[in-house]
Number of protein chains: 2
Amino acid sequence: MNAYDALMAFERQTQALGQVAGRLGWDQETVMPRAAAPQRAEESEAMEQVLHARRTDPRVGDWLAAIDDAALDAVGRASLRHIRRRYARSTRVPAALAGELARLTSEAQGHWAEARAADDFAGFAPVLTRIVALKREEAAALAAGGDAYDALLDDYEPGATGAELQAMFDALRPRLVDLRARILGASHQPAPLAGTFDEQAQMALTTRLAQAFGYDLAHGRIDKAVHPFSSGSGLDVRITTRTSPTDAFGAVYSTIHETGHAAYEQHIDPAYLLTPLGAGVSMGVHESQSRIYENQLGRSRAFTGWLFGAFKAAFGDLSVADAEAFYAAANRVHPGYIRTESDEVQYNLHVLLRFDLERQMIAGSLAVADLEEAWNARFEADFGVKVTRASQGCLQDVHWSVGLFGYFPTYSLGNVYAGCLHKALRAEMPDLDAHLAKGDPATPARWLADKLQRHGGLYEPKELITKACGEAPSEVPLLDYLETKFSEIYRL
Amino acid sequence: MNAYDALMAFERQTQALGQVAGRLGWDQETVMPRAAAPQRAEESEAMEQVLHARRTDPRVGDWLAAIDDAALDAVGRASLRHIRRRYARSTRVPAALAGELARLTSEAQGHWAEARAADDFAGFAPVLTRIVALKREEAAALAAGGDAYDALLDDYEPGATGAELQAMFDALRPRLVDLRARILGASHQPAPLAGTFDEQAQMALTTRLAQAFGYDLAHGRIDKAVHPFSSGSGLDVRITTRTSPTDAFGAVYSTIHETGHAAYEQHIDPAYLLTPLGAGVSMGVHESQSRIYENQLGRSRAFTGWLFGAFKAAFGDLSVADAEAFYAAANRVHPGYIRTESDEVQYNLHVLLRFDLERQMIAGSLAVADLEEAWNARFEADFGVKVTRASQGCLQDVHWSVGLFGYFPTYSLGNVYAGCLHKALRAEMPDLDAHLAKGDPATPARWLADKLQRHGGLYEPKELITKACGEAPSEVPLLDYLETKFSEIYRL
C-alpha cells in the first residue's frame, strides 16, 4: 500500500473511533443511567487516549512526509490539508502540558459550577488564572512564532484570524448597540406568547418540524436532553431537544437550530463518509447553518405565518390574536444578562464582549483578577445595565472553565455567515417566502445543502461561504437584515 | 511503576474500552437509527481492532514475565490468572487465521439467514465446512497439544472439559427423555394462558419485577429489543425486553432471565470495577443466575401464586381460573422443534444434541455434510418426532455460523449449576417459599449475591459453585427438582 492509501485507511479508523467517542457523549446526555457517571468518566478518558495516540502516531508523520500533495486530486489535497493541520496541532503541544490541561479543565468544571452557584468570582479566579496560563503556553506552542490567539482560534475556525474578526465585529457592534437601544425604547412592545403547552404535543410538533427542515430520521433520532445538541456525522446524526410547559418556542426553535447542525452533517457527500471531509468544516460554518434554519428561515414572517396555524392545531387557543402578533412574539427582544436566553439582536453583543475579553486574556493584557470588572464595565456600556451577580456576568458560561478560548467568536461568525447566505438565497430564490408560508422550509434547505452542506470539508470555511454566496463574507447583510426586520416589528 | 501496577493500569483502560464496545452493541440493538448500520459496522470493527491490539500488546507479555504471582494477594493472583489466560489465547492464534475467521463468520451470518429462510442446509454446508475447518485450526493453536474442543470451551467456561461435561450430560439425558415422554403422554394437560395483554402494562409489570428481583435502575435501564439481552458490567448494566400482545409470559420471564444476568454484574464487589474480576466469571455461571431467577424462583408455585394477582391487576380477567392453573400455565411443556421456545424440561435435550454434534465436528468424526442427517436422527431419538425443515433443525441457531463452538454446553451447565444453587438455597432458607409467595424474590436474590455474585472473577467457575453450594456441582439436584415439580403439575 502506498503512503496515501495507508494514511487514509488509518484515518478512516480514527474517524470511526471518533464517532464512537462522540456517541458516548450522546449516551451520557440522554440515556445513561444516572449513577453510571464515575465509570463513564474512565470510559471516555480511555477513548480520548486512544484517539490522542492515533492523532500523534509517528506513522502519520512518516506517511505525511512521504506524500506529495501536488500529485493528488482536489479531494486528496483537501483531506491532507485537514490531516496535516491536525497532526501539527496534536504533536506541537508537549504531552505533559496537554495532560495538565486535561486534568485541570476536568476538575475546573466542578469549581466553576460551585462558584457560579455562590456568585463568587474571586473564589474561581485562581483556577481560571491557572487555566489561562496553561492556554497561553499551549497557544505559544501551537503558534510556532505566530499569533497566540489565532493559534487557538484555528482549532474551531481554520484560517480565521483574531484581527480579521476584530474588524468585522467592530463594524457590527455600534449598529447593534444602537438597534438594541431603539428597540427597547420603542413605544410599541409586542406581547410574549403566554400559556401552557402540552409537552407531548411539543415533541410531536418539533419532530414534524425537524423533518420539514430536511432532517432524516432513518439516519438520526430525537431525544430529550437538558441542553439541546446535535451529535455525530455521516449515517448516524442525532439531535436532542427540551420541552417546557410554559415555553413552546424554546422547544421549537432549539429543535430547528439543532436540525440545522444535523442537516449539515447529513447532507455531506456520502463519498466523504468517515474521511477528513466527512464532517462540517468549522464551528462558524456549522453555526451559520443552525442560525439560518432557526432565524432567517424559522423566525421569518412567512414561516411563522404557517407556524401560527400549526401552533393552534397543536396547542389550541393562543395568547396572541393573529399571525402578525405571533411573528412579533417569536422575535421579541427583551432585556437580560444571559447569552443563551438572548435574541437575534442582542446575541452578538454578548459574544463580542467575550471575544474582546478572551483575546486580551490570551494576549496577557487582561489579568483574570480584573476580568469581572472588565466584563461588568463592558456590559454596562453595551446593554445599559449594571451586572450585580457573577452568575449573570462572567461566570455564566462554562466555556473558559473547560479551556475553550477562541470558540466564542465562531457563534457570531456563524451569524454573519448566515446573513450572507440568506442574502444570496433570497436573490436566487425569489419565491422563498411562498415556500416558507406554506410550511415548506425543505426547498431553501435543499439550496443550502447543494450550495454548501454537501461539500463537507472540501473547501476552507471562508472559501466555502464565498463560493456559496458569490461574494466574500461581510457583516453588512446581517446588519441590514436585522435593522429592516426589527424596525418593522418594533415600528421604529 | 512496577510491572504489576503498570499491567493493571493498562488492563483498566482495556476494560473501560471493552465496556464502550459493549455499549455500542447495546445501542445497535435498541436506539440506533435504522439506516446507520453500514457506518456502525466500521465503528465496531475499529473498536475490535483497538481491543485486539491491546490484548496482544507485547508490553503485556513483558509485564506478565516480570511478575511473580506467588508474591501477590488472592485478588492479584486471580487477576493475573485471567490476564495470563486471555493473553495466551490472544497470542496463540496467528493473526492471519484470526482475520480470516472474523471475515468468514461476518459474511456467514448473511448466508446462514438466507439458507434458514430457504430451508436449504446443502446451500450453507460449504460455508459451515470452511468455518469448522478454521475453528479446528484455531482450536489446535489454542490447545497447544491438549484437547481441541476443551480449548474452545475454555473461552466460555474456563477450566471445564468436554469429557467432564459429557459425563454430566450423559447422566442428564435419559432421565430428561423419560420425563419429557411421560409429561407429553399424560392425561392431564394444563391449559395455556390465552388472551391479549396490554403492552404498556407489560412494560410496567416487567420493570416492577426487575426491581423486585434486585435490579438497580440507577445503574441500569430497560429498553425494548427484538432479542432480549443484558449488556455491560459495573455501574452501567442495561437489560432489554420484548412484549407481545398475545404472550405476557414472554415479556415477564425474559425480563426475569435478563435480570438474573444483570443482577450478577451489578452485585460484583465494587472494588473489582474495571478489573479482570469485575465481570461474571463464565457463561455457565452467568446462565445459572439467569436460570435460577427465571425458573427455580420465577416459575415456582410460591412466586407464581403472587404473580397471578399481579397479572390480574395488570391485565384484568385471565383465561386461567386460579393460582394453581396459572402456575401450570407458566410451566407448560409442549412439543416443538425450537430450542429458544422450549421449557425447563426439554431445553437441555436441545442443548445436549448440539454439544454432542459440535464436539464430533471439532474432533473431525462428523463431517458438516452429514450434520443434517445426524441432527435429525438424534432429534427423533430424543423428541420422538421427525424434523422436516432445516430451519426447525440444524439451521435454527446462529451460533455455529458466527463461529461459536463450545458455547452451547454452557447453557445446560448453567441449568445444572442453578439446580445446585437452588438446593443449597432451600436448605439455608427454609422460609424461601414464604418470601416468594409475598412477591419478594429480593431475599433469595441477596443470598445469591452474597454467596456467588459478589465474587466476580475471584474464583474459578467450579470452585465458585462449590463454595456457594457447600458441595461439588452435580446434575442430580436439577433432575430431582424437575422430576418432582413436573410430576406434580402433570399428575404423573
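Order of the sequence lines fixes the chain letters, A, B, ..., with proteins taken first and strands second; residue numbering starts at 1 for each chain.
Remark: B:S79 pairs with no residue by the side-chain hydrogen bond (donor to acceptor under 3.5 Å, both in side chains) rule, at least two apart or across chains.
Within the 4.5 angstrom heavy-atom criterion, atoms from both the backbone and the side chain of A:V31 approach chain B.
Here the straight-line distance linking atom CE of B:M32 with atom NE2 of A:H219 works out to 10.0 Å at 0.5 Å rounding. Of the inter-residue distances, the one linking A:E43 atom CD with B:D236 atom CG reads 6.5 Å to the nearest 0.5 angstrom. Summarising the geometry, atom CG belonging to A:L235 is positioned 10.5 Å from atom CZ belonging to B:R40; distances are rounded to the nearest 0.5 Å.
The contact list for residues 200-211 of chain A toward chain B, using heavy atoms and a distance under 4.5 Å, is empty. Heavy-atom neighbours of chain B within the stretch residues 11-27 of chain A, taken at a separation under 4.5 angstrom, comprise A:R12, A:Q13, A:A16, A:L17, A:Q19, A:V20, A:R23, A:L24, A:W26, A:D27. Contact residues of residues 45-60 of chain B toward chain A are B:A46, B:M47, B:Q49, B:V50 (heavy-atom distance under 4.5 Å).
Taking all atoms of both residues into account, the shortest heavy-atom contact from A:S233 to B:Q39 is O-NE2, 3.2 Å.
Residue with the most contacts toward chain A among B:A36, B:G234, B:A218, B:G220: B:A218 (heavy-atom pairs, distance under 4.5 Å).
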